[in-house]
Amino acid sequence: MLEIDLSGVAPLRRAETRRRIQTIRDYLNITNPSSADRDLAANNLGIGSQQFMNLVRAWRQGSAAAIAKAGSQAGVARAPRRKGLPPSTRQAAEDALRALPASASHKEAIAAVRAMCDERGTRPPSDSMISYLRLAIRRSGAAGRGDPGLVIGRAIVNFPVFENDGMIIPEIVISASSEDGRIISAALLRPGEPAPGDFEKATIETSSMMDGPVTVGADDTAFSTSLPRVKIVSRFLASRQLAKTLGRGIDGIRLSYGPLASTDPTRTLRADVDQPLSWREATNALVAASTVHNAVRGAPPPHIVDAGSAL
């Protein structure tokens with residue numbers, strides 16, 4: 001079977017997308033399929049006949065992402081609506097945000113945008129729109145550069161993975177450049193699990209070639225003696241700096257930098273068709289997302305520890 005390109009498909013929708021594509025392939029392999037064949041295929045997917053034919057049309061156009069989204073937008077993050085934002089306001093806001101260093105706080109970003117809009121005589125956007133525009137600029141790699149250095153911290157990944165007979169929400173440990181936001185290394189972990197040796201090795205090797213301080217969260221001080229110019233901070237401060245460096249996540253993978261309101265893994269399954277991932281599937285999703293994240297910054301793919309083989 002040919003490998004399916006699932007780029008652009010949210011990680012939790014990939015199992016359902018594969019199932020939909022296999023059903024479509026089976027249907028298209030039928031010589032002169034009848035309306036009964038169509039209805040049976042649609043019923044197997046729990047959708048209407050017309051919706052199924054929409055999926056078939058999307059598949060013929062080569063869009064796995066469209067197949068994943070068809071029929072439901074549940075589980076897909078929606079961007080704030082842009083309607084009503086004057087072009088002059090958008091331009092002023094984007095110019096102000098691009099001039100900011102990557103380490104600037106959200107309050108500093110709001111102040112800079114309001115000052116630029118006031119200078120140009122245009123209405124400033126809302127605080128939430130400023131946040132959205134800033135994230136879009138970061139994803140495009142056009143954000144201002146921060147101070148040289150390396151940050152090592154942890155976050156919570158907003159998707160569940162299978163663990164024994166149940167599910168857990170994994171942590172992720174990340175080392176990233178605070179100057180340009182590129183990821184050096186990352187690994188998915190069980191909550192509270194120490195960073196793996198491969199992650200430590202990749203981080204140590206890169207840190208020796210970088211300028212600036214190496215900020216390390218309190219959870220990951222075990223290998224700090226092998227790092228230059230170390231600055232040990234609390235997990236909270238390391239996560240906060242990581243948030244400034246990366247934004248809300250890594251490409252399509254959303255991260256939470258503080259405690260979750262609920263640790264129930266099922267709360268992250270926002271649609272009936274969402275499925276938890278295996279550790280290997282989660283690692284593959286992280287590899288793909290971090291490669292895109294680094295590419296827009298002109299950086300090579302990071303070193304991602306293979307949780308599928310490590311666990």
Side-chain angles (χ1 to χ4, degrees), residues 1-83 132 136 139 157-163 165-170 188 248-256 260-262 264-289 292 308:
M1 181 183 297
L2 294 176
E3 184 66 24
I4 301 170
D5 179 11
L6 295 178
S7 57
V9 178
L12 297 184
R13 303 300 296 272
R14 292 184 178 184
E16 173 62 15
T17 301
R18 289 190 185 96
R19 188 174 78 93
R20 290 182 174 190
I21 290 173
Q22 186 56 56
T23 300
I24 292 169
R25 283 174 167 173
D26 292 342
Y27 172 78
L28 293 176
N29 284 335
I30 300 173
T31 303
N32 297 322
S34 65
S35 59
D37 294 323
R38 178 199 62 197
D39 294 344
L40 177 61
N43 185 62
N44 287 340
L45 295 180
I47 59 178
S49 297
Q50 186 55 54
Q51 282 183 308
F52 175 71
M53 295 311 296
N54 291 340
L55 296 184
V56 172
R57 188 176 303 108
W59 176 245
R60 283 173 167 159
Q61 294 171 352
S63 177
I67 292 173
K69 295 177 182 178
S72 173
Q73 291 297 318
V76 179
R78 295 184 179 179
R81 295 176 64 184
R82 298 185 183 184
K83 185 178 180 180
Y132 169 74
R139 291 192 188 103
V157 182
N158 286 351
F159 59 64
V161 296
F162 288 113
E163 175 76 0
D165 295 329
M167 297 183 294
I168 64 169
I169 301 176
L188 293 169
R248 290 188 178 181
I250 304 170
D251 195 45
I253 297 178
R254 292 290 297 273
L255 301 177
S256 295
L260 296 178
S262 172
D264 179 3
T266 62
R267 295 288 296 273
T268 63
L269 301 175
R270 296 165 57 187
D272 290 342
V273 295
D274 286 352
Q275 294 292 325
L277 307 177
S278 68
W279 284 100
R280 176 59 58 81
E281 289 171 334
T283 299
N284 290 343
L286 177 59
V287 168
V292 172

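Atoms OG and CG, on S34 and L40 in that order, are 9.0 Å from each other to the nearest 0.5 Å.
Pairing each heavy atom of N44 with each of R19, the nearest pair is O-NH1, 3.0 Å. Between M167 and F162 the shortest heavy-atom distance is CG-CD2, 4.4 Å. Nearest heavy atoms, W279 versus E163: NE1-OE1, 3.1 Å. I253 approaches A285 most closely through the heavy-atom pair CD1-O, 3.7 Å. Between L55 and I47 the shortest heavy-atom distance is CD1-CD1, 3.6 Å. The minimum heavy-atom distance linking D251 with A289 is given by the pair CB-O, 3.5 Å.
Residues L255 and N158 fail the side-chain proximity criterion, which asks for heavy atoms closer than 4.5 Å.
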Would R57 and N54 count as a side-chain contact (heavy atoms from CB on, under 4.5 Å) here? Give the steps. CA-CA 5 Å; R57 188 176 303 108; N54 291 340; 2.9 Å; yes
Would you check, one step at a time, whether the test side-chain contact (heavy atoms from CB on, under 4.5 Å) holds for V161 with I168? CA-CA 6 Å; V161 296; I168 64 169; 3.7 Å; yes
Hey, mind stepping through M53 and Y27 against side-chain contact (heavy atoms from CB on, under 4.5 Å) and telling me if it holds? CA-CA 10 Å; M53 295 311 296; Y27 172 78; 4.0 Å; yes
Start with the C-alpha distance between V157 and L286, add both sets of side-chain angles, then the distance that settles side-chain contact (heavy atoms from CB on, under 4.5 Å), and finish with yes or no. CA-CA 10 Å; V157 182; L286 177 59; over 6 Å; no
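The closest side-chain donor-acceptor pair between T23 and D26, if any, does not fall under 3.5 angstrom.
No donor-acceptor pair closer than 3.5 Å links the side chain of N43 to the backbone N or O of D39.
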